[in-house]
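Side chains are part of it too, since the values below use all heavy atoms of this structure and drop only hydrogens, waters and symmetry mates.
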Amino acid sequence: MTQNLFATRASRMKASEIRELLKLLDQPGIISFAGGIPDPNLFPTEAFAQACQAALSAGPQALQYSVSEGYVPLREWLVQHMREIGVDCSVDNILITSGSQQALDYLGKLYLSPEDTALIGWPTYLGAINAFDAYEPRFDRLMLNGNRGAAEYSEAAGEGAVKFAYLSPDFANPTGETVDLRGREYLLNLADDLNIAVIEDGAYQALRYEGDAIPPVLALEQARKGSIEACRTIYCGSFSKTLSPGLRVGWVVAAKPIISQLVLVKQAADLHSPTLNQMAVEQVARAHFDTHIPLLRQTYGARRDAMLEALQQNMPDGVQWTHPQGGMFIWVTLPTGMNGADLLARALDTVKLAFVPGRAFFADGSGANTIRLSFSNSDEDTIREGIRRLGIVLRA
């Protein structure tokens with residue numbers, strides 16, 4: 001009876017397959033490459049303990065309501081951080097969010113009406129699909145190296161309008177792949193032709209292990225247009241993969257009119273992100289970010305190398321995988337006809353191995369013969385053993 005009262009969008013809301021899978025991993029002996037989570041042993045725990053104590057000792061501000069835009073000293077630090085990766089902005093171009101996931105939900109709410117089209121990767125981040133899907137859009141495949149032009153995308157949109165393109169250009173979840181400079185420039189041309197926004201998910205941008213950094217899409221657009229106020233790109237960043245996912249602190253960088261609208265969305269949702277969390281992150285970022293990131297790169301880079309080597313040694317013919325330059329993921333394509341979900345069930349039952357079936361990352365439910373492996377939360381010996389077990393199951 002109650003369900004009859006739900007809005008139509010509720011029928012599109014689905015549990016995250018990854019979050020549901022994590023509930024199964026308390027069994028002893030399980031090796032998990034499922035969750036795309038950082039290693040908790042690498043958290044700067046002591047620095048956060050000191051930062052929280054300092055924030056609480058400074059007075060009641062840490063426990064009080066705050067401005068919706070976010071804690072000013074944190075936004076000031078982010079101005080400098082964004083400048084270091086090529087984006088010139090001011091504190092008025094920055095909104096603090098409760099993780100970048102909240103930013104994606106806000107952007108879906110701000111831009112999408114029912115039957116509008118969002119251009120996304122095929123596959124793409126499951127959390128983005130879920131965030132946008134609640135606002136009842138259509139999804140179309142964003143192809144940065146294909147022949148599709150603005151007219152074809154507009155025609156496919158039908159009665160709705162194309163509103164934005166979403167991508168994670170550096171070490172994307174789930175594939176680990178990076179969009180090259182040519183692809184980023186193509187995207188900007190396409191966005192201008194379609195007059196749409198670009199949502200740039202920079203969650204993994206700091207975690208590069210090899211190769212030269214490519215400027216963010218927002219930096220490239222700013223170089224073209226001279227000012228962030230003329231840019232259509234919206235950059236979403238996060239401290240979840242670098243400092244702490246549990247504190248839920250992310251940020252959005254965009255032209256001031258976009259930030260102003262997002263502030264209204266936030267005021268209606270949660271007023272502001274937790275003040276204490278923002279104060280703690282600001283202190284830790286200011287004191288430790290530049291020395292902590294090299295530690296993450298060294299540790300995760302070695303784990304990526306161990307997984308790539310183990311895949312080379314253990315995978316049977318017909319299995320292919322990506323070679324990410326950074327991030328947390330390797331994307332595996334199984335032989336045609338093999339099903340990643342069936343493989344997971346067999347792996348859990350016979351060798352106590354977990355990973356994520358790839359179908360969840362496709363808006364149309366395709367990609368059954370793919371799986372995502374995460375190397376960030378396992379040491380190198382565990383990675384080698386887990387991939388050995390995967391090879392056993394595949395050969396079986």
Near [X] [atom1], under 6.0 Å, is it more than 12 heavy atoms from other residues, nucleotides or ligands?
X	atom1	value
R395	CZ	yes
E155	CD	no
E159	CD	no
Q313	CD	yes
R346	CZ	no

Could you measure the distance from the [atom1] atom of [X] to the [atom2] atom of [Y]? Nearest 0.5 Å is fine.
X	Y	atom1	atom2	answer
L295	Y300	CG	OH	8.5 Å
L207	I293	CG	CD1	6.0 Å
N339	T370	CG	OG1	9.0 Å
R141	F362	CZ	CZ	7.5 Å
Q205	T178	CD	OG1	10.5 Å
K241	I37	NZ	CD1	10.0 Å

Honestly curious: do [X] and [Y] fall in one hydrophobic cluster under the side-chain, below-4.5 Å linking rule?
X	Y	value
I383	L296	yes
L276	F43	no
V162	L110	no
V217	V253	no
I214	V87	no

Between [Y] and [X], do the side chains contain a donor N or O and an acceptor N or O under 3.5 Å apart?
X	Y	value
E221	Y235	no
K266	S273	yes
Q325	D170	no
E46	Q50	yes

Test item: [X] side-chain N/O and [Y] main-chain N/O as donor-acceptor pair under 3.5 Å:
X	Y	answer
Q222	D88	yes
Y65	T275	no
D116	A161	yes
R297	A206	yes
R138	T117	no
K163	Y111	yes
R75	V91	yes
S238	G99	no
S374	F33	no
R184	P169	yes

Practice task
Decide yes or no on side chain to side chain contact (heavy atoms under 4.5 Å, CB included) for S244 and V281, but give the supporting numbers first.
Solution key: CA-CA 9 Å; S244 166; V281 166; 6.0 Å; no

Minimum heavy-atom separation for [X] and [Y], please, with both atom names.
X	Y	result
G340	F355	O-CE1, 3.8 Å
L188	R224	CB-NH1, 3.5 Å
Y71	Q278	N-OE1, 2.7 Å
P38	S240	CG-O, 3.6 Å
L243	H292	CD2-CD2, 3.9 Å
I196	A165	CD1-N, 3.9 Å

Practice task
Decide yes or no on side chain to side chain contact (heavy atoms under 4.5 Å, CB included) for R232 and D192, but give the supporting numbers first.
Solution key: CA-CA 8 Å; R232 60 178 73 250; D192 282 342; 2.9 Å; yes

Problem - Axial cation check for Y153 ring with R148, 6.0 Å and 45° limits - result: yes

Problem - is_close_aromatic(F132, Y166), centroid dist under 6.0 Å - result: yes

Exercise for the section: Would you please name every residue forming a ring pair (Phe, Tyr, Trp, His ring centres under 6.0 Å) with F289, sequence neighbours left out? Expected result: W77, H81

Exercise for the section: Could I get the full list of ring pair (Phe, Tyr, Trp, His ring centres under 6.0 Å) partners for Y204, not counting sequence neighbours? Expected result: F329

Using a 4.5 Å cut-off on heavy atoms from C-beta on, say whether the side chain of [Y] contacts that of [X].
X	Y	result
V198	L167	yes
I371	L344	no
V249	S98	no
C89	I94	yes
K256	S90	yes
L308	F375	no
D39	R303	yes
M143	E152	no

With a 3.5 Å cut-off and sequence neighbours excluded, list the donor-acceptor pairs that the side chains of residues 386-394 form with protein atoms.
from, atom 1, to, atom 2, distance (Å)
R388, NE, E385, OE1, 3.0
R388, NH2, E385, OE2, 2.8
R389, NE, E385, OE2, 3.0
R389, NH1, G29, O, 3.4
R389, NH1, V351, O, 2.8
R389, NH1, K352, O, 3.3

Practice task
Start with the C-alpha gap between L112 and F164, add the side-chain angles, then the distance that decides, and say whether side chain to side chain contact (heavy atoms under 4.5 Å, CB included) holds.
Solution key: CA-CA 9 Å; L112 294 172; F164 60 72; 3.7 Å; yes

Problem - Of I120, I129, N173, T175, the residue whose pairing with F361 passes side chain to side chain contact (heavy atoms under 4.5 Å, CB included) - result: N173

Handout entry: Y125 and Q101: CA distance, side-chain angles, deciding distance, side chain to side chain contact (heavy atoms under 4.5 Å, CB included) verdict
Key = CA-CA 11 Å; Y125 171 47; Q101 184 66 33; 2.7 Å; yes

